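Keep in mind it's a predicted model, so treat the numbers as computed, not measured. Numbering of residues begins at 1 and proceeds along the displayed sequence.
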Amino acid sequence: EPGRTDERRGEDRRRSDEERRRDDERRRRQEEEDRRLREEEKRKKEDERRRHEDELQRKRQERRREEEERRREEEEKRREELERKRREDKKRSEEMALKKAEEDRKREEEERARREEEAKVARQQQATLSVLRVLQQLSSANPENFDGLKRELARVLVTELPETGSQQEILKAEARRVLDYAQEYVEQLRQERLQHQMKVEEQERVARALLTELEQLVTVAEAAAESVHYTAAPLAGEHEMKDADVLRVARSVEEAGKTAMSS
């Protein structure tokens with residue numbers, strides 16, 4: 001029995017090993033078949049991809065040929081259109097050049113007339129300002145600058161007034177008015193200054209006379225004060241005096257003092 005049991009076990013082990021080998025072989029074959037199928041599928045896909053790319057390439061080339069043909073036609077039409085526009089633009093440019101030349105001529109004439117008018121107006125304004133400037137200075141003239149401003153007015157009335165245009169008569173009348181006013185005002189200032197100078201000189205003369213009189217009074221007062229000093233000298237001594245002598249000296253000092261005060 002034990003021997004049979006070992007044989008059965010050996011047989012079972014062989015069958016098991018054989019079964020594993022068959023399973024391994026089946027797996028190997030299946031794997032090879034799967035790999036073959038995958039490679040076949042891959043080749044099919046690659047072929048399909050190449051056919052698809054070839055078709056795309058063909059279509060692209062076809063579209064490119066059509067596009068080039070369309071561009072050639074459009075280019076031809078564009079050249080024809082450009083040539084037509086060029087002829088039209090040339091004709092229009094020639095017409096515009098003639099029109100512009102005429103407009104430029106008219107504009108230059110208008111611009112020249114405008115500049116001349118502006119120069120005339122500017123000259124009138126400058127001349128008017130020159131006259132008004134002198135009149136303004138003359139309106140506040142003083143004895144020191146009146147003669148110079150009067151000569152300046154005479155000059156601008158000769159050189160500037162004729163250039164003032166429509167303002168000429170107005171400025172001429174204003175010049176006469178301002179000149180009359182300035183002459184009157186300056187003459188008034190001169191009289192006031194003369195009177196003021198005379199008044200100052202009179203005040204100086206009176207002041208000098210009063211000063212001389214004061215000096216004389218001071219001299220007299222100093223002399224009287226000296227007399228009082230000598231008269232009172234006996235009272236200041238150290239020797240004794242009789243009452244009658246003291247009374248007599250006191251009366252003399254009082255009279256000398258009154259004389260000094262009255263002086």
Side-chain angles (χ1 to χ4, degrees), residues 1-133 136 160 163-167:
E1 285 296 324
R4 293 180 179 178
T5 301
D6 293 337
E7 289 177 358
R8 284 196 299 269
R9 288 179 180 174
E11 183 67 24
D12 290 339
R13 188 179 297 109
R14 285 192 298 273
R15 284 198 298 270
S16 177
D17 293 338
E18 182 66 24
E19 184 67 27
R20 281 198 300 274
R21 284 195 297 274
R22 286 196 297 270
D23 290 340
D24 291 340
E25 181 67 20
R26 284 195 299 271
R27 283 196 299 274
R28 185 184 62 76
R29 291 176 180 177
Q30 184 64 40
E31 289 175 355
E32 289 178 353
E33 180 66 18
D34 292 341
R35 185 166 54 254
R36 186 187 63 78
L37 292 175
R38 286 196 300 272
E39 291 176 353
E40 181 68 21
E41 181 68 21
K42 182 177 179 182
R43 284 194 299 274
K44 288 180 179 179
K45 289 183 178 180
E46 182 66 23
D47 293 340
E48 181 66 24
R49 184 186 64 80
R50 283 196 296 270
R51 285 195 299 271
H52 180 69
E53 289 182 353
D54 292 342
E55 181 65 19
L56 290 177
Q57 180 67 20
R58 185 186 65 77
K59 290 181 179 180
R60 283 196 294 268
Q61 291 176 351
E62 182 67 23
R63 285 198 299 271
R64 190 177 299 111
R65 285 193 298 271
E66 293 175 354
E67 182 68 21
E68 290 176 354
E69 182 65 24
R70 184 182 61 81
R71 282 201 298 270
R72 282 195 297 270
E73 292 176 356
E74 291 178 352
E75 182 67 23
E76 182 65 24
K77 291 180 180 180
R78 187 165 55 253
R79 283 197 297 268
E80 293 175 356
E81 182 68 17
L82 288 174
E83 180 63 22
R84 183 183 63 80
K85 288 185 177 180
R86 187 189 65 78
R87 290 193 297 269
E88 292 178 353
D89 291 343
K90 181 179 180 182
K91 182 179 179 181
R92 187 164 50 250
S93 297
E94 291 174 353
E95 293 174 352
M96 290 178 63
L98 293 174
K99 183 178 179 180
K100 184 177 182 299
E102 181 64 19
E103 291 176 350
D104 290 344
R105 184 185 62 79
K106 292 181 179 179
R107 187 163 51 251
E108 288 177 359
E109 291 178 355
E110 293 173 354
E111 181 67 16
R112 182 168 56 254
R114 185 185 62 81
R115 288 196 300 268
E116 291 175 355
E117 181 63 22
E118 288 180 351
K120 181 179 178 181
V121 171
R123 181 67 182 99
Q124 290 177 356
Q125 292 176 348
Q126 180 183 1
T128 301
L129 289 175
S130 297
V131 175
L132 290 176
R133 189 179 300 110
Q136 182 182 15
E160 303 296 327
E163 302 294 336
T164 56
S166 60
Q167 301 294 318

Candidate pair Lys42 and Lys45, rule side chain to side chain contact (heavy atoms under 4.5 Å, CB included), full reasoning: CA-CA 5 Å; Lys42 182 177 179 182; Lys45 289 183 178 180; 5.7 Å; no
Verdict with supporting geometry, Glu66 and Arg63, salt bridge (charged side-chain N to carboxylate O under 4.0 Å, His left out): CA-CA 5 Å; Glu66 293 175 354; Arg63 285 198 299 271; over 6 Å; no
Residues Glu41, Arg38; criterion salt bridge (charged side-chain N to carboxylate O under 4.0 Å, His left out); working and verdict: CA-CA 5 Å; Glu41 181 68 21; Arg38 286 196 300 272; over 6 Å; no
Steps toward salt bridge (charged side-chain N to carboxylate O under 4.0 Å, His left out) verdict (Arg105, Glu102): CA-CA 5 Å; Arg105 184 185 62 79; Glu102 181 64 19; 2.4 Å; yes
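A salt bridge is absent between Glu163 and Lys120: the closest approach of a Lys/Arg side-chain nitrogen to an acidic carboxylate oxygen does not fall below 4.0 angstrom. A salt bridge between Glu18 and Arg22 is present, with a side-chain N of the basic residue lying under 4.0 Å from a carboxylate O of the acidic one. Salt-bridge formation is not detected for the pair Asp89/Arg86: no Lys NZ or Arg NE/NH1/NH2 atom is positioned less than 4.0 Å from an Asp or Glu carboxylate oxygen. Contact check on Glu118 versus Arg114 returns a salt bridge, with a Lys/Arg side-chain nitrogen under 4.0 Å from an Asp/Glu carboxylate oxygen. A salt bridge links Glu53 with Arg49: the distance from a Lys NZ or Arg NE/NH1/NH2 to an Asp or Glu carboxylate oxygen falls below 4.0 Å. Salt bridge Lys106/Glu109: absent, no basic N to carboxylate O contact under 4.0 Å. Between Glu74 and Lys77 there is no salt bridge, since no side-chain nitrogen of the basic residue lies less than 4.0 Å from a carboxylate oxygen of the acidic one. We find that Arg112 and Glu108 are not joined by a salt bridge, their nearest charged nitrogen and carboxylate oxygen being 4.0 Å or further apart. With respect to Arg28 and Glu31, no salt bridge is recorded, no charged nitrogen being found less than 4.0 Å from a carboxylate O. Checked for salt-bridge contact, Glu76 and Arg79 meet the test: a charged N lies under 4.0 Å from a carboxylate O. Using a 4.0 Å cut-off between charged side-chain N and carboxylate O, Arg65 and Glu69 make no salt bridge. A salt bridge is defined here as a Lys NZ or Arg NE, NH1 or NH2 lying under 4.0 Å from an Asp or Glu carboxylate O, and Arg21 with Glu25 fails to meet this definition. Between Arg43 and Glu40 there is a salt bridge, with a side-chain nitrogen of the basic residue lying less than 4.0 Å from a carboxylate oxygen of the acidic one.
Between Leu37 atom CG and Gln30 atom CD the span is 8.0 Å, to the nearest 0.5 Å. Atom CE in Met96 sits 11.0 Å away from atom CG in Leu98 (nearest 0.5 Å). Residue Arg115 holds its CZ atom at 13.5 Å from CD of Glu117, rounded to the nearest 0.5 Å. For the atom pair CD (Gln126) and OG1 (Thr164), the distance works out to 12.5 Å, reported to the nearest 0.5 Å.
Looking at every heavy atom in both residues, Glu160 comes nearest to Val131 through CB-CG2, 4.0 Å.
Between the side chains of Gln57 and Arg60, a donor-acceptor pair is found at a separation under 3.5 Å.
Enclosure of atom CD in Gln136 is not indicated, since only 12 or fewer non-hydrogen atoms of other residues, nucleotides or ligands lie within 6.0 angstrom.
Across Arg84, Lys90, Lys91, a single residue satisfies side chain to side chain contact (heavy atoms under 4.5 Å, CB included) together with Arg87, and that is Arg84.
You'll find the side chain of Arg133 reaches within 4.5 Å of the side chain of Ser130, heavy atoms only.
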